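By convention here, the first residue in the shown sequence is residue 1. None of the values given here were measured: they were computed from a predicted structure.
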Amino acid sequence: MAAGVLAAVTVTVPTLSAAPAHADPDDTKELNSQAHKLADQLEQLTEQYNGLKVKLQQSQRAATVATENAERQEKSLEGLRDKIGNLAATSYMQGGTDPTLSFVAAQDPQAVLDQSATLTYFAQRDGTKVAGLMQTMQAAQRARRAAEERAKQVKTLRGQLESQREKVTKTYEQVRGKLVKKDPTQLAKLPVVGSGKAAQALRLAMTQIGRPYVWGAAGPTTFDCSGLIMWAYGKVGVSLPHYTGSQWNAGTHVSRDQMQPGDLVFFYSDLHHVGMYVGDGKMLHAPQTGDVVKIAPIGGRPFAGAVRVA
């Protein structure tokens with residue numbers, strides 16, 4: 001079963017495309033191509049990670065069953081030890097050397113069982129009791145070893161996969177930053193990476209670019225600032241109120257340098273404006289009457305804080 005965990009998930013090591021050190025005026029197309037390739041690699045790794053989470057849950061359940069089984073075996077072992085201990089005590093009182101005594105008293109009973117002389121001795125004694133004791137002890141040991149090995153392999157897989165995701169994410173952000181610096185309009189055309197609800201909500205909100213701002217509107221074709229947030233997150237199953245003050249308290253507050261795409265960004269001391277972080281210091285928002293849903297720099301208004309809803 002432990003080997004099956006490794007076989008079920010293949011960790012892909014993507015080839016990282018190196019971004020040019022300096023962006024020339026005519027390399028926008030190349031940067032755009034690199035960004036899309038890296039985004040595809042991130043999606044592949046994300047799906048593998050999702051698959052690994054399923055396998056991890058299965059392994060954890062199997063490990064729990066194995067541990068419970070080992071505990072039951074230990075209880076049975078104690079009972080059998082008591083029964084067979086009388087034989088060992090009698091043999092000892094008579095001055096004999098009885099392997100059963102060594103087995104009962106040993107800190108590592110399995111090591112005693114591994115000795116061929118002991119196995120032969122047990123085979124010649126009370127068949128039912130001795131065989132039951134041997135099988136119980138060996139089953140308990142195997143169950144525990146299997147559970148420990150399974151957990152170890154899953155942990156290794158998670159580490160390998162997360163390392164690759166971090167590498168590709170970092171490279172993608174570098175390429176995206178170079179591209180957006182050359183042409184800010186490209187940000188709206190790049191994929192939103194990630195599989196969480198925040199990334200899904202941002203993808204949906206991005207489809208509304210160009211829709212008019214209407215006070216009090218929350219879709220499907222017009223929006224105000226908090227209405228856009230409520231609509232996008234509602235589409236992915238996250239219910240939010242149509243009010244910036246309540247949205248401010250709807251998740252976990254994160255620092256500005258820890259913001260991720262899909263996080264909510266708030267402005268002004270009274271929190272009367274909100275947008276969705278896109279990356280590279282920019283947000284998607286519905287600005288004001290007479291304007292449309294669009295991407296804009298975060299730095300254009302007093303920043304109050306960021307909230308991670310999902």
For this session: Determine whether Leu240 and Val238 make a side-chain contact, defined as any pair of heavy atoms from C-beta on separated by less than 4.5 Å.
Result: yes

Problem set entry | Met230 to Ala218 - nearest heavy-atom pair and separation | CE-CB, 3.4 Å

Seminar exercise, completed: Result for side-chain contact (heavy atoms from CB on, under 4.5 Å) between His273 and one of Ser226, Pro302, Cys225 points to Cys225

Exercise. How is the hydrophobic cluster of Val254 composed, in terms of its other members, when Ile, Leu, Val, Met, Phe, Trp and Tyr link through side-chain heavy atoms under 4.5 Å apart, directly or indirectly?
Worked result: Met259, Val265, Phe267, Tyr268, Tyr277, Met283, Ile298, Phe303

For this session: Is it possible for you to say whether Leu228 and Val278 belong to one hydrophobic cluster, with membership spreading through side-chain heavy-atom contacts below 4.5 Å?
Result: yes

Seminar exercise, completed: Looking only at heavy atoms, the pair that brings Pro212 and Thr221 closest together is CD-O, 3.7 Å

Problem set entry | Heavy-atom closest contact (Pro241 atom, Ser246 atom, distance) | CG-CB, 3.1 Å

Output side-chain donor-acceptor pairs under 3.5 Å for residues 286-294, partner residues at least two apart or in another chain, one line each.
| residue | atom | partner | partner atom | Å |
| --- | --- | --- | --- | --- |
| Asp291 | OD1 | Lys294 | NZ | 3.4 |
| Asp291 | OD2 | Lys294 | NZ | 3.0 |

Exercise. Considering only heavy atoms from C-beta outward, does the side chain of Tyr213 approach that of His285 to under 4.5 Å?
Worked result: no

Exercise. Say you draw a straight line from CD of Gln208 to CG of Leu284; how long is it, rounded to the nearest 0.5 Å?
Worked result: 9.5 Å

Problem set entry | Interatomic distance, Gln260 atom CD to Leu202 atom CG [nearest 0.5 angstrom] | 12.0 Å

Seminar exercise, completed: Scanning both residues in full, the closest heavy-atom pair of Leu264 with Tyr233 reads CD2-CE1, 3.8 Å

Problem set entry | Counterpart residues, side-chain hydrogen bond (donor to acceptor under 3.5 Å, both in side chains), relative to Asn249 (two or more places apart) | none

Seminar exercise, completed: Interatomic distance, OG1@Thr222 vs CZ@Arg211, rounded to 0.5 Å, equals 9.0 Å

For this session: With the side chain counted from C-beta on, respond yes when Phe266 and His272 share a heavy-atom pair under 4.5 Å apart, and no when they do not.
Result: no

Seminar exercise, completed: Closest non-hydrogen atoms of Ala232 and Ala201, given as atom of the first, atom of the second and distance, are CB-O, 3.5 Å

Problem set entry | Side chain Lys197, main chain Val236, donor-acceptor under 3.5 Å | yes

Seminar exercise, completed: Rounding to 0.5 Å, atoms CE (Met276) and CG (Asp263) come to a distance of 9.0 Å

Exercise. Quick one: do Ile209 and Trp231 end up in the same hydrophobic cluster if we chain Ile, Leu, Val, Met, Phe, Trp and Tyr together by side-chain heavy atoms under 4.5 Å apart?
Worked result: yes

For this session: Please assess Gln247 against Val274 for the test side chain to side chain contact (heavy atoms under 4.5 Å, CB included), listing each intermediate value before the final yes or no.
Result: CA-CA 9 Å; Gln247 290 177 358; Val274 64; 3.7 Å; yes

